[in-house]
J.: 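Could you have a look at this structure, given as C-alpha cells, before my questions?
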There are 2 protein chains.
Amino acid sequence: MARWDPGAPERLRQAALDLFDEHGYDAVTVTQIAERAGLTRRTFHRYFPDKREILFAGSERLPPAVAEAVLAADPGLAPLPAALSALREVGTAVSGMVTDSGRRRAVIQSSPELLERERSKSAEVTAALRDALEQRGAGSTEAHLAARVSSIVSEEAFARWADGEGAFTECFDAAETALDAMLAENT
Amino acid sequence: MARWDPGAPERLRQAALDLFDEHGYDAVTVTQIAERAGLTRRTFHRYFPDKREILFAGSERLPPAVAEAVLAADPGLAPLPAALSALREVGTAVSGMVTDSGRRRAVIQSSPELLERERSKSAEVTAALRDALEQRGAGSTEAHLAARVSSIVSEEAFARWADGEGAFTECFDAAETALDAMLAENT
DNA sequence: TCTCTGATGTCTCACTGTGTCATCGCCAGG
DNA sequence: CCTGGCGATGACACAGTGAGACATCAGAGA
C-alpha cells in the first residue's frame, strides 16, 4: 500500500552485509548499499549515522540491559561477581538472538576502522556497567576495575562462543576459570 | 638552506594543538592546521594518515617498547607479573618524556572520535604485550588475559598520574593495590 | 464520505571536509 | 649536467549534513 516498502533499516542491513561479503568493506560505498536496498544515500543516513554503524545495529540496547541486570542482581554480591552475573545473563540472551553473527564477525575483523568501532561499543557496555556498580554502592575505582575485569571475561566468552566452543554459558564458565587460573599463578 | 623549513611534523603538531584548544577539535579543519604551519593540506597527510592521528604522534613506538620490556623481564616471572613490570617500566619512561600531556588529554576527552582512536592505541599495546607473553612461553589464552588485566592497571595508573596524584610509579603501585583489593573481595 | 492537518518517510540539491592518486618540481650525489 | 628521490600541488571520489519539496498515512471534524 505504501509508496515505500517497510523495513528500510533491515533491508539496508542485508544489502550492506551482502555487498561487504562480495567486495570487501572498503570497496563498498554508501550509495551502493542504498541503491541495492532501493533507497538513496540520504535515507541511509536517516537510520545510521555513519557507514560503520550499520554493522552494529541494535547495539544501543546493550548498555541499558547490562545496567538493569546489575541492579537486579543479589545486593549481597561484591562488585565483580555482580558484574559477572549480569554479563553472563545478558550475554546468554544476546547469543540466542543474534543473526548473521558469522558474516558480521568476518567483516568486522577485516577492517581496522570496524575493529575500532567495536571497541567503542564494548567501552559503552563497560561504562554502563561501571555506573551501575557505583549505583549499587561500590566505590568509584572499585566499580571501574570490576567493570573492566568482568568485560574481559565476557569478551573472552563471546570469542569462544563465536569459535563454536559450545553454548554461551559454558564458554562463560570456561573464561571465568581461565581468568582465575591466570590470577592464581602469580609467583 | 632548504626550500622548506625543517620540522614539519612538530610544527603541525603544535599548530593543531593550539587550534584545537582555541576552537575545539571538530571545528578545526586539516586545511587550517596546515596553513598555520605554513604547509598545505596534502602535506599534512604525508606525515599523519588522518586528522586524529596527529594527537597520537610517536605512539607507534610503544608496542615494540613494551614487547621488548616483557622479553627482558625475569624469565621466572609468571605472565601477569612480567606484564606489569614491563608496563611499569615503559610507563615510567613515557611519563617522563611526554609533552603537552594536559592539553592533549583535554582535547581527546572532548571528542568520541578521539577516544575511539585512543582505545585503538591501547589495543595495539595490549596486542604487543600478548604476543610477547606468548613468546615467553605463556599459553594463548593465558597471555591474552594477562595482557588485558595488566593493561587495566597501566591505564588506571596513567589516569591517576594525569590527575596529579604523584609520580607515575606511585600511581602504578596504587592501581595494582586497588586491583588486588577488588579481586580479594569476592564473596 | 470528504477534507483538513500533523506526523512521517523519502527524495533532490547543494555544500563542506576528508583522504588519496597522479603528477610535477626542487634538491643533492654522481 | 642529469638523474633519483623526496616533498608539494591540483584534481577527484566519497562521507556526512542541512534545507526544502513531496507523497503517504492516521485521525479529527464537517
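Predicted, not measured: the structure shown is a model, and the values here were computed from it. Residue numbers start from 1 in every chain, and the chains themselves are labelled A, B, ... in the order their sequence lines are given, proteins ahead of strands. No hydrogens, no waters, no symmetry mates; every other heavy atom, side chains included, goes into these values.
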J.: Take atom NE2 of B:His45 and atom P of C:dG19, then tell me their distance rounded to the nearest Å.
T.: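 It is 5 Å, rounded to the nearest whole Å.
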J.: Please state how far atom CZ in B:Phe44 lies from atom P in C:dT18, giving the value in whole angstrom units.
T.: 9 Å
J.: Report the distance from atom CD of A:Glu35 to atom P of C:dC11, rounded to the nearest whole Å.
T.: 11 Å
J.: What is the distance, to the nearest angstrom, from the CZ atom on B:Arg52 to the C1' atom on C:dG19?
T.: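 Between C1' of C:dG19 and CZ of B:Arg52: 10 Å.
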J.: Under a 4.0 Å N-O cut-off, is there an ion pair linking B:Arg160 with B:Glu156?
T.: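 Salt bridge between B:Arg160 and B:Glu156, a charged N being under 4.0 Å from a carboxylate O: yes.
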J.: Can you tell me the distance, in whole Å, between the CG atom of A:Asp50 and the P atom of D:dC14?
T.: 17 Å
J.: Looking across every strand, which nucleic acid part, if any, lies under 4.0 Å from A:Tyr47 by heavy atom: base, sugar-phosphate, or nothing?
T.: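 Sugar-phosphate, no base atom in range.
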J.: Please check the phosphate of D:dA8 (OP1 and OP2 only) for any side-chain N or O of B:Thr43 closer than 4.0 Å.
T.: yes
J.: Think A:Arg41 has a side-chain N or O under 4.0 angstrom from the OP1 or OP2 of D:dG18?
T.: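 Looking at the OP1 and OP2 atoms of D:dG18, neither is under 4.0 Å from any side-chain N or O of A:Arg41.
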J.: Ignoring the backbone of B:Arg46, work out which of D:dG16, D:dA8, D:dT17 is nearest its side chain.
T.: D:dA8
J.: Rounding to an integer number of Å, can you tell me how far B:Phe48 CZ sits from C:dT20 P?
T.: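 Rounded to whole Å, this separation is 15 Å.
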J.: Identify, between A:Val28 and A:Arg42, the residue whose nearest nucleotide on DNA chain D lies closer to the 5' end.
T.: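 Whichever sits nearer the 5' end wins; that is A:Val28.
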J.: Are the charged groups of B:Glu118 and B:Lys121 less than 4.0 angstrom apart, N to O?
T.: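 Judged by the 4.0 Å cut-off on N to carboxylate O distance, B:Glu118 and B:Lys121 do not form a salt bridge.
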J.: Do the side chain of B:Arg136 and the main chain of B:Leu77 share a donor and acceptor less than 3.5 angstrom apart?
T.: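 It does hold such a pair.
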J.: Is the shortest side-chain N/O distance from A:Thr40 to OP1 or OP2 of C:dC11 below 4.0 Å?
T.: yes
J.: In whole angstrom, what separates B:Ile54's CD1 from C:dG19's C1'?
T.: 15 Å
J.: Is the centre of the B:Phe158 ring less than 6.0 Å from the centre of the B:Phe168 ring?
T.: yes
J.: From CD of A:Glu113 over to P of C:dT18, roughly how many Å is that when rounded to an integer?
T.: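 A:Glu113 atom CD is separated from C:dT18 atom P by 15 Å.
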J.: Is the terminal nitrogen or CZ of A:Lys51 (NZ for Lys, CZ for Arg) located under 6.0 angstrom from the six-membered ring centre of A:Tyr25 and within 45° of that ring's axis?
T.: yes
